Amino acid sequence: MDIINNVFRLYLDKFVIVFIDDILVYSKTEEHKQHLKIVLETLLEKQLYVKQSKCDFELTEVQFLVHVIFGDGIHVGPSKIKAILKWERP
């Protein structure tokens, strides 16, 4: 994780999020293809490779940690809501 964070230091929280071995490329604009190209070229330049079977492209929603990310924003995931509702009941 430290290596990937270092590699993407310039892009973190701008259009890249890294968590353990997951790299999330996000964008609300037409620049998304350019951002994806930057990420893939950076990986190639640093001789880091992705497993194609673990890659997903053009998703309308992504589950990331306990959140669900949609084009209109980030929402709390169903598992988190279920845990909160369970905790509130006596």
Side-chain angles (χ1 to χ4, degrees):
M1 186 170 151
D2 193 42
I3 291 169
I4 298 297
N5 274 321
N6 234 358
V7 167
F8 292 111
R9 181 179 69 252
L10 297 175
Y11 312 120
L12 290 177
D13 299 326
K14 293 180 182 169
F15 58 88
V16 174
I17 297 173
V18 174
F19 182 74
I20 303 178
D21 65 345
D22 291 329
I23 301 168
L24 178 65
V25 182
Y26 62 93
S27 202
K28 286 187 178 183
T29 66
E30 292 295 319
E31 296 175 313
H32 186 69
K33 287 181 183 177
Q34 184 62 30
H35 292 161
L36 189 56
K37 183 177 178 185
I38 289 169
V39 168
L40 293 173
E41 286 177 348
T42 301
L43 287 168
L44 186 61
E45 176 186 308
K46 300 296 182 182
Q47 296 183 357
L48 297 168
Y49 301 93
V50 297
K51 188 180 236 182
Q52 189 174 1
S53 64
K54 292 186 76 180
C55 294
D56 294 309
F57 297 93
E58 297 184 28
L59 299 175
T60 55
E61 75 177 59
V62 175
Q63 297 232 346
F64 193 71
L65 303 177
V66 293
H67 297 89
V68 181
I69 303 167
F70 294 94
D72 67 342
I74 300 173
H75 304 273
V76 178
S79 64
K80 188 68 169 176
I81 293 170
K82 198 183 267 188
I84 290 170
L85 291 174
K86 185 178 178 182
W87 181 74
E88 287 180 353
R89 293 184 184 148

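Note that the structure is predicted; figures quoted are calculated from it, not measured.
A 6.0 Å sphere centred on CG of L10 holds more than 12 heavy atoms belonging to other residues, nucleotides or ligands. Other residues, nucleotides and ligands contribute more than 12 heavy atoms inside 6.0 Å of the CD atom of E61.
One hydrophobic cluster, built from ILVMFWY side chains closer than 4.5 Å, cannot hold both I3 and Y49; they sit in different ones.
Listed by chain and residue number, F64, L65 satisfy the side chain to side chain contact (heavy atoms under 4.5 Å, CB included) test with F19 (two or more places apart in sequence, or in another chain). The ring-ring contact (aromatic ring centres under 6.0 Å, His included) check on H32 picks up nothing, with sequence neighbours excluded. Residues forming a salt bridge (charged side-chain N to carboxylate O under 4.0 Å, His left out) with K54 (at least two apart in sequence, or on another chain): D21. Looking at residues two or more places apart in sequence or on another chain, you find no side-chain hydrogen bond (donor to acceptor under 3.5 Å, both in side chains) involving Q63. With sequence neighbours excluded, the residues satisfying side chain to side chain contact (heavy atoms under 4.5 Å, CB included) with L59 are D56, V62.
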Checklist entry - Going through the distances and angles, do I17 and L12 end up as a side chain to side chain contact (heavy atoms under 4.5 Å, CB included)? => result CA-CA 6 Å; I17 297 173; L12 290 177; over 6 Å; no

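A pairwise comparison of heavy atoms in H67 and V76 identifies CD2-CA, 4.3 Å as the closest pair. V68 approaches G77 most closely through the heavy-atom pair CG2-CA, 3.9 Å.
Taking 4.5 Å as the limit, every side-chain heavy atom of L24 sits out of range of all side-chain heavy atoms of V16. A heavy-atom distance below 4.5 Å is not found between the side chains of I69 and Y26.
One distance of note links CD1 of I4 with CG of L48; it measures 5.0 Å at 0.5 Å rounding.
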Between side-chain atoms of residues 34-47 and protein atoms elsewhere (two or more places apart, or another chain), which donor-acceptor pairs fall under 3.5 Å?
{"unit_1": "H35", "atom_1": "ND1", "unit_2": "S27", "atom_2": "OG", "d": "3.2"}
{"unit_1": "T42", "atom_1": "OG1", "unit_2": "I38", "atom_2": "O", "d": "2.6"}

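Within the structure, every pair that satisfies the side chain to side chain donor-acceptor pair (under 3.5 Å) test and touches residues 4-15, not counting sequence neighbours, is listed here: N6-R9.
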